[in-house]
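Structure, as C-alpha cells:
Residues: numbered from 1 along the sequence shown.
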Amino acid sequence: MFGAFERAVAIRYLWARKGERFVSVIAGFSVIGIALGIATLIVVLSVMGGFRQELLGRILGLNGHIGVTGDRGTVENFADVVARIRALPMVAQATPVVEGQVLLTSDGGSAAGGLMRGIAPDDLRARRIVAENIRAGSLADFQGDDAIIIGVGLARRLSVGVGDRVTVVSPIGRVTVFGTVPRLRAYRVAAIFEVGMQDYDAGFTFVPLPAAQVFFQTPRSATLIEVHLRDPDRVAEAAQAIQAAIPTPLRITDWQDANSGFFQIVQVQRNVMFLILTLIILVAAFNIVSSLTMLVKDKGRDIAILRTMGAGRFAVLRIFLLCGAAIGGLGTILGFGLGLVFCANIETIRQALMAATGTTVFDPNVYLLTQIPAVVDPHEVAQVLALGFGLSLLATIIPSWRAARLDPVEALRNE
C-alpha cells in the first residue's frame, strides 16, 4: 500500500531537522498520550478481571457452586443425599456441612465473631484453597472433638497460635430447668490458614463434622450440602439434575444467585472504567489530528512541489496516513509493553509505593483481597490494541484528506 517514496517522505516529515522540530515534539506528545492510554486501559482491565477471578475462585473454593438444604433448614439422612449427588457425572465433590454463627474468646480476653463450620477431615483436605494455604500447624491434627482451624486474621484478633485454646459460644442457648444458659465449648487450635480474602481469614473456623453436630445439637443431620461442579457455568443444569435425583423436597441455591449483586457491581465498574479510559485514548488521538494539521500547514510548499513533480493526490494522502499510522502504531506498541510490564510487577510496585509514602495502598479491609490481582486476557489486550490503532488511523483521515486536496498553485502563490 505504501511505496518506498511515500515511506521516505513520511519519515522525513516526522523526523525533522534542527529548527523544524516543533511538529515532531507535538507528535512525540501524541505518542506518549496514546501509550499511556493503552497501558492504563490494559492495567485496569487486567486488575478488574483478576479481581473478579480471584474473588470467584476464593468464594467458590470455600462455599461451593451449589448449596443444598432442606425446607426446614437441615438435611436429614444426609449420607444418602450426598451419595446420590456424588453419583451425578457433572459433580466433582459434595460435602455435608454443619455451620452456625458463634462468638470466639481467648484466654487473653479478646473476642470476635465468626462462622464455625463442621466438615469431615478428608473433605477439608480435598479443598485445595484451605489445604494449600496452611500457615501454621497441620491438617493431620484436625481430628477429635476439640480441634479447630481458624483464619490468620481471626488468630491475630484473638492473639492465639497453634496449640492455644479458644472458647466458642453459641448464640442459641441450652434450655435447662433453671432457664436458658449459653452453650460453649473450648477447642484447641490445630492449624491456621490464610486464603488471601479478608472476610474469610478473619471470620471462618472449621471443626470436625461430629464435633459440630454435637455443639449445634444436630446429631443426624447437616445444615448444608456444598456441591462443587466440574463446570461452574452449568449450575442450572446441575440444579435440575440434583432435584431430579433426590425424592425429598430441597432448596437449591447456586453461586450466581447468591453473589449476583456483587459480581454485577464488579462488571458495571469494569465497563465504566473501560469507557472512561477509552476517552483518554480518544483525546490522545485528537492530538494526532492537531499535529498532522500543523504538519500539513507547515509543509504546504513541499506538498505543492511534490504535486508539480508528479505526485498524485492519493500519494500525498498515503504519506500523511503513514505519518499518523506511525504515531499511532508506535504509541500502541509502547503502551502494550508498558502495560504488560506494569501488570507483571504490580505487587512489587504497590509494596514500593507503600514503603515510600508510608500509606496503605489497596487496603484488604476495603477490597477484600490481600494483594492486587492482575490477570492479562489476550483477547482483551487485542481489543485494546485494535481500539488504539483504529482511533489513531481515524484521526489521520481529515488532515490527510486536506493535504491531498491542497492546490499546488495556490500553495506556491501564498508562499
Side-chain angles (χ1 to χ4, degrees), residues 62-63 67 69-70 72-79 82 95-127 130-131 133-195 199-226:
L62 283 177
N63 298 312
T69 187
R72 298 181 179 180
T74 59
V75 181
E76 305 293 338
N77 300 319
F78 62 86
V82 169
T95 306
V97 173
V98 175
E99 65 180 16
Q101 295 290 335
V102 295
L103 175 68
L104 296 95
T105 62
S106 63
D107 294 338
S110 301
L115 179 70
M116 188 168 77
R117 285 190 161 188
I119 183 172
D122 291 339
D123 290 334
L124 184 61
R125 295 186 187 99
R127 297 203 173 186
V130 177
N133 291 285
I134 299 297
R135 296 294 178 253
S138 173
L139 288 180
D141 298 327
F142 184 64
Q143 56 187 347
D145 59 355
D146 67 339
I148 189 172
I149 295 178
I150 63 176
V152 64
L154 187 58
R156 193 177 298 116
R157 291 176 62 184
L158 297 176
S159 300
V160 296
V162 175
D164 295 335
R165 302 191 76 83
V166 295
T167 301
V168 179
V169 183
S170 173
I172 302 176
R174 185 175 66 253
V175 179
T176 67
V177 294
F178 301 103
T180 302
V181 297
R183 190 165 61 246
L184 53 88
R185 174 68 192 272
Y187 292 89
R188 171 184 49 85
V189 178
I192 298 174
F193 67 88
E194 182 181 14
V195 300
D199 285 358
Y200 293 154
D201 290 338
F204 267 50
T205 65
F206 296 95
V207 297
L209 182 60
Q213 290 176 322
V214 172
F215 184 79
F216 291 111
Q217 297 181 341
T218 57
R220 291 178 298 275
S221 63
T223 58
L224 179 68
I225 296 176
E226 293 181 344

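Every side chain to side chain donor-acceptor pair (under 3.5 Å) that T74 has, sequence neighbours left out, goes to E76. By the side chain to side chain donor-acceptor pair (under 3.5 Å) test, R165 is found to be paired with no residue, residues two or more places apart in sequence or in another chain being considered. In terms of the side chain to side chain donor-acceptor pair (under 3.5 Å) criterion, Q143 has no residue partners (sequence neighbours excluded). Under the rule for a salt bridge (Lys or Arg N to Asp or Glu O under 4.0 Å), the partners of R127 that lie at least two apart in sequence or sit in another chain are E226. For Q213, there are no side chain to side chain donor-acceptor pair (under 3.5 Å) partners, not counting sequence neighbours.
Counting non-hydrogen atoms of neighbouring residues, nucleotides and ligands closer than 6.0 angstrom, the CG atom of N77 reaches no more than 12 such neighbours.
You'll find the side chain of T205 reaches within 4.5 Å of the side chain of L104, heavy atoms only. Contact check for L124 versus I149: side-chain heavy atoms found under the 4.5 Å cut-off.
Proximity of a side-chain donor or acceptor of R135 to a complementary backbone N or O of V152 within less than 3.5 Å is not detected. Using modelled atom types, one side-chain atom of D201 and one backbone atom of V195 make a donor-acceptor pair closer than 3.5 Å. Remark: the backbone N or O of T167 is not paired with any side-chain donor or acceptor of R185 at under 3.5 angstrom.
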Let me have the donor-acceptor pairs involving side chains of residues 186-193, under 3.5 Å, with sequence neighbours excluded, atom names and distances please.
none

